[in-house]
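Reviewing the structure listed below.
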Amino acid sequence: MAWITVKEAFKTAPGPAVTIKGWIRTRRDSKADGGLSFLAVSDGTCHDAIQVVARADLPNYADIAKLTTGCAVEVEGTLVESQGQGQAVEVQASAVKVAGWVDDPDTYPVPQKRHTFEYLREVAHLRVRTNTFGAVARVRHTLAAAIHRFFDEREFYYIHTPIITGSDCEGAGEMFRVSTLDMVNCPRTPGGEPDFAEDFFGKESHLTVSGQLNVETYCQALSRVYTFGPTFRAENSNTSRHLAEFWMVEPEIAFADLAADAALAEEMVKYLLDDLLTKRPDDMAFFDLRIEKGLLDRLKGVIEKPFRILPYTEAIEILQKANVKFEFPVAWGKDMQSEHERYLTEQHFKQPVTVINYPKAIKAFYMRVNDPGTDGAPADTVAAMDVLVPGVGELIGGSQREERLDVLDARIDEMGLHKPDYWWYRDLRRYGTCPHAGFGLGFERLMLFCTGMQNIRDVIPFPRAPKQAEF
RNA sequence: UCCCCGAUAGCUCAAUGGUAGAGCGAGCGGCUGUUAACCGCUAGGUUCCUGGUUCGAGCCCAGGUCGGGGAGCCA
């Protein structure tokens, strides 16, 4: 008897003998026809559970009648056309073997009832057994696979940039230290500071906050590259859009400017949405029905319309003219607040907006300095871009990189950074430099955008956030 | 880190400073080719922690812990 997945079973015509293995979602009993039980069995391979009909003449029916939500079972039977409403096929069981009971149904953390997401976070090891978190897990996989396929189809190479970094020059926020030093009796320098020369790497090391600087080196040889891996920020961020450990997609393209970068970002987002709608119609219909009404229409709209490319200088003008009372003032040269970004993408344009050419003073040292007067800006700008999307805010941040060594050095000095730390990054500008650009896409933010889920802690299996690393 | 809100049964929430309740879930029974099933019965409590006010605290006060919403940092 062939063991097939529930997903396969739904695609199979009635008739064959099959074995199904999975976990009980619900059990319903009937005394009709001499007695029978209906078991909804899920194996997670697709959104729906399959109905198993277990008749009272099965030798272990007394056990079957005690099955509760969460029990693991192996069912042998025949795939048949369903006699009832609500499903096309079901399994008429010839044997139901109980692989694992639920100890105490009264305290099983995820019985078949409504749960809040806040509660389910406390039982993250079991929450994936619910409809929502099963769907999240499958969508997450589908998007991740689509990312690799998108780049592979375009001759990008996947670069495994390091998780541990010895350079303290990534400049994208607080970092987690990686150390094997004895924290209680740590070796000290004569000055009394911890002596990192004695540490594992012989220097102070941290978890990466971005793969960008490393991936730029491979870009300068392989032309089109990307990295997709975990990223760590030790910021004390307590929001529904930040994690201490998150996954980031960072492509880097050689002989490319900001326009090419923005075009790549847009093409990628649309490719991913289209692939998701094609490959996961069951889960996406669930999100549309239960999580965000109108989700499917919203995503289809994103695929169809071009992103709005909006110079920062123009964005400020729109915000200043807006008939809305903002909590924070709008002024050229200031970074846009969340409320400003949300206004642009949610109220004014009602679609994804790519804001480009930000003031130099508020952006990172590696972003390429624009020619004076770009977009009619009153001061220097850099070729940076942020892709803002409704409901999430900043989905992507990127830029054309400064490829001119003299300009880069001036920026490093200007920002008070320690030039020798950047020796290998500067080398790229000495040995055959070329214009190049790239961006970072927050994978969990993409998940929020695609599923309509509200909290970023609910779109990653085991969220890492301040005071949260239980599982 | 800042502002606001919250913590009571397994879960979601009620309860004027005076005997702690409901819905869902769970157990048992009834009914039904059932499917958000339905009907009946039953069990289930250190009211987050520490201290204070009071004859008496789930309720008032102080501190803490944890959670949620918003902000900052950003992806």
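Naming convention: chains lettered A, B, ... in sequence-line order (proteins, then strands); numbering from 1 in each chain. Note that the structure is predicted; figures quoted are calculated from it, not measured.
Here the side chain of A:R121 is nearest to one of B:G67, B:A26, B:C31, namely B:G67. If you check B:A75, B:G72, B:U32 against the side chain of A:S30, the one that comes closest is B:U32. In the set B:A75, B:U32, B:U34, B:U32 carries the atom at the smallest distance from any side-chain atom of A:D29.
Checking A:D380 against A:N370 by side-chain atom types alone, no donor-acceptor pair falls below 3.5 Å.
The pairing partner recorded for B:G72 is none, the criterion being a Watson-Crick or G-U wobble arrangement whose two distances lie under 3.5 angstrom. Pair check for B:A14 finds none; no Watson-Crick or G-U wobble contact set falls under 3.5 Å. Nucleotide B:G6 forms a pair with B:C66, judged by Watson-Crick or G-U wobble geometry with both contacts under 3.5 Å.
For the salt bridge (Lys or Arg N to Asp or Glu O under 4.0 Å) condition, the pairs that include at least one residue of residues 333-359 of chain A, sequence neighbours left out, are A:R342-A:E346.
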Please produce a list of atom pairs where a protein N or O lies less than 3.5 Å from an N or O of nucleotides 4-12 of chain B.
from: B:C11; atom 1: O2'; to: A:K113; atom 2: NZ; distance (Å): 3.4
from: B:C11; atom 1: O2; to: A:K113; atom 2: NZ; distance (Å): 3.2
from: B:U12; atom 1: OP1; to: A:T116; atom 2: OG1; distance (Å): 3.3

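Taking 3.5 Å as the limit, the base of B:C38 and the side chain of A:R28 contain no donor-acceptor pair of atoms between them. A donor N or O paired with an acceptor N or O is not found under 3.5 Å between the base of B:U34 and the side-chain atoms of A:Q83.
Across all strands, A:N455 comes closer than 4.0 Å only to sugar-phosphate atoms, never to a base (heavy-atom distances). Backbone-only engagement by A:T68 is indicated by non-hydrogen atom pairs under 4.0 Å involving sugar-phosphate atoms exclusively. In this structure, A:L446 reaches neither bases nor backbone, as no heavy-atom distance under 4.0 Å exists between it and the strands shown. The residue A:G84 sits close to a base: some heavy atom pair falls under 4.0 Å. Within the nucleic acid shown, A:E90 comes within 4.0 Å of at least one base atom, counting heavy atoms only. Residue-level contact check: A:K467 touches the backbone only, with heavy atoms under 4.0 Å from sugar-phosphate atoms and none from bases. Within 4.0 Å (heavy atoms only), A:Q468 reaches no atom of the nucleic acid at all. Here A:E444 lies out of heavy-atom contact (under 4.0 Å) with every strand.
Comparing B:G6 with B:A43, their C1' atoms sit 29 Å apart, to the nearest whole Å. On the C1' atoms, B:G21 is 24 Å away from B:C5, given to the nearest whole Å. To the nearest whole angstrom, the two P atoms, one in B:U19 and one in B:A62, are 26 Å apart. Distance noted for atom P between B:A26 and B:A7: 26 Å (whole Å). With both ends at atom C1', the span from B:C74 to B:U1 equals 15 Å, rounded to whole Å. Comparing the same atom, C1', in B:G25 and in B:G44 gives a spacing of 11 Å after rounding to whole Å. Distance noted for atom C1' between B:G58 and B:U16: 13 Å (whole Å). B:G23 and B:C39: their P atoms are spaced 11 Å apart (whole Å).
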Practice task
Show your reasoning for whether side chain to side chain contact (heavy atoms under 4.5 Å, CB included) applies to A:F151 and A:M268.
Solution key: CA-CA 9 Å; A:F151 285 126; A:M268 180 171 85; 3.5 Å; yes
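Taking only side-chain nitrogens and oxygens, A:R457 comes nearer than 4.0 Å to OP1 or OP2 of B:G68. Regarding contacts with the backbone of B:G72, a side-chain N or O of A:Q337 is found under 4.0 angstrom from either OP1 or OP2. A:N238 has no side-chain polar atom (N or O) that falls below the 4.0 Å cut-off from OP1 or OP2 of B:G69. A close approach under 4.0 Å does not occur between any side-chain nitrogen or oxygen of A:S240 and OP1 or OP2 of B:G68.
Two rings, from A:F176 and A:H206, have their centers 6.0 Å or more apart. Between A:Y343 and A:F326, the distance separating the two ring centers is shorter than 6.0 angstrom.
In the region residues 379-394 of chain A, proximity to RNA chain B at under 4.0 angstrom, judged on heavy atoms, holds for A:E394. Sorted by residue number, the members of residues 46-61 of chain A with any non-hydrogen atom under 4.0 Å from RNA chain B read A:Q51, A:V53, A:R55.
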Solution key, residues 391-400 of chain A side-chain donor-acceptor pairs under 3.5 Å, sequence neighbours excluded:
from: A:S399; atom 1: OG; to: A:R401; atom 2: NH1; distance (Å): 2.7
from: A:Q400; atom 1: OE1; to: A:L258; atom 2: N; distance (Å): 3.2

Residues 134-147 of chain A, side-chain donor-acceptor partners within the protein, below 3.5 Å, at least two apart:
from: A:R138; atom 1: NE; to: A:D283; atom 2: OD1; distance (Å): 3.4
from: A:R138; atom 1: NE; to: A:D283; atom 2: OD2; distance (Å): 2.9
from: A:R138; atom 1: NH1; to: A:G44; atom 2: O; distance (Å): 2.9
from: A:R138; atom 1: NH1; to: A:C46; atom 2: O; distance (Å): 3.4
from: A:R138; atom 1: NH2; to: A:D283; atom 2: OD1; distance (Å): 3.0
from: A:R140; atom 1: NH1; to: A:E444; atom 2: OE2; distance (Å): 3.0
from: A:R140; atom 1: NH1; to: A:V459; atom 2: O; distance (Å): 2.9
from: A:R140; atom 1: NH2; to: A:E444; atom 2: OE2; distance (Å): 2.9
from: A:T142; atom 1: OG1; to: A:R138; atom 2: O; distance (Å): 2.8

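Here the side chain of A:Q351 pairs a donor or acceptor atom with the backbone of A:P306 at under 3.5 angstrom.
Applying ring-ring contact (aromatic ring centres under 6.0 Å, His included) to A:Y158 and the options A:Y226, A:Y218, A:F228 leaves one that passes, A:Y226.
Put simply, the side chain of A:L67 reaches to within 4.5 Å of the side chain of A:V98, judged on heavy atoms.
Between A:R177 and A:E204 a salt bridge is recorded (basic side-chain N to carboxylate O distance below 4.0 Å). With respect to the salt-bridge test (charged N to carboxylate O, under 4.0 angstrom), the residues A:D152 and A:R154 do not qualify.
Taking the 5.5 Å centre cut-off and the 30° plane limit, the aromatic side chain of A:F443 is not classed as stacked on B:A75.
With a 6.0 Å cutoff to the six-membered ring centre and a 45° limit on the axis angle, A:R298 counts as a cation-pi contact of A:F449.
A perpendicular orientation is assigned to the rings of A:Y312 and A:W332, their planes being inclined by more than 60° (bins at 30° and 60°).
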